[in-house]
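Written out below as structure tokens is the structure these notes cover.
When a residue number appears, it is its place in the shown sequence, counting from 1. Only a predicted model underlies this, so the values are computations on that prediction, with no experimental measurement involved.
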Amino acid sequence: MSKRGGFPGMGGGFGGMNINQLMKEAKKMQADMEKSQEELQAKEFESTAGGGAVSVKVSGSKQILELKLNKEVVDPDDVEMLQDLIITCVNDAMRKVDTAQSAQFGKYNIPGLM
């Protein structure tokens, strides 16, 4: 080991990077990530099912903002079909949020984040 501490061959620190610079970069990344999170939460994602019979709009924070049903799809004798359409529609909208989130935060390349 070197006399100055740290790891041999590392220039006395993290690859020659000074700890203050490393902290500065970490704070910048944190601020960028917070801004990205706010931008994502402000977005809206839409999905439809059954040829437009059911539509849903969700926020980037996965809150259902709007659910619309066409009158033709509301059949008291076939409630199960309506339930399936709603589930399909909501799940698809949530997948869209997940995909956007992965794209947004994947650029940070931090193990364990996503």
F45 versus A93, closest heavy-atom pair with distance: CB-O, 4.3 Å
Residue pair M29 / E25, side-chain heavy-atom distance below 4.5 Å: no
Within one Ile-Leu-Val-Met-Phe-Trp-Tyr cluster: M81 and I86, side-chain cutoff 4.5 Å: yes
Minimum side-chain heavy-atom gap L65-E44 below 4.5 Å: yes
Single-linkage hydrophobic cluster V90~V74, side-chain heavy atoms < 4.5 angstrom: yes
Non-hydrogen atoms of S55 and T48 that approach each other most closely: CB-CG2, 3.7 Å
Polar side-chain atom of N18 near backbone of N20 as donor-acceptor pair, under 3.5 Å: yes
Min side-chain heavy-atom separation L40-Q101 under 4.5 Å: yes
Single-linkage hydrophobic cluster I64~I87, side-chain heavy atoms < 4.5 angstrom: no
Gap separating the OG atom of S36 from the CD atom of Q41, nearest 0.5 angstrom: 11.0 Å
Heavy-atom donor-acceptor pair, K96 side chain to E46 backbone, under 3.5 Å: yes
Derivation and outcome, side chain to side chain contact (heavy atoms under 4.5 Å, CB included), residues L82 and V54: CA-CA 8 Å; L82 179 57; V54 175; 4.2 Å; yes
Gap separating the CG atom of D32 from the CD atom of E34, nearest 0.5 angstrom: 9.5 Å
Distance (rounded to the nearest 0.5 Å) between E38 CD and M33 CE: 12.5 Å
CG on L69 to SG on C89, rounded to 0.5 Å: 9.0 Å
Spacing of K27 atom NZ and L22 atom CG [to the nearest 0.5 Å]: 11.5 Å
Hydrophobic cluster identity match, V73 and L67, side-chain contacts under 4.5 Å: yes
Intermediate values then yes/no, salt bridge (Lys or Arg N to Asp or Glu O under 4.0 Å), K68 and E66: CA-CA 7 Å; K68 291 184 180 179; E66 184 176 276; 3.7 Å; yes
S59 versus V97, closest heavy-atom pair with distance: O-CG2, 3.6 Å
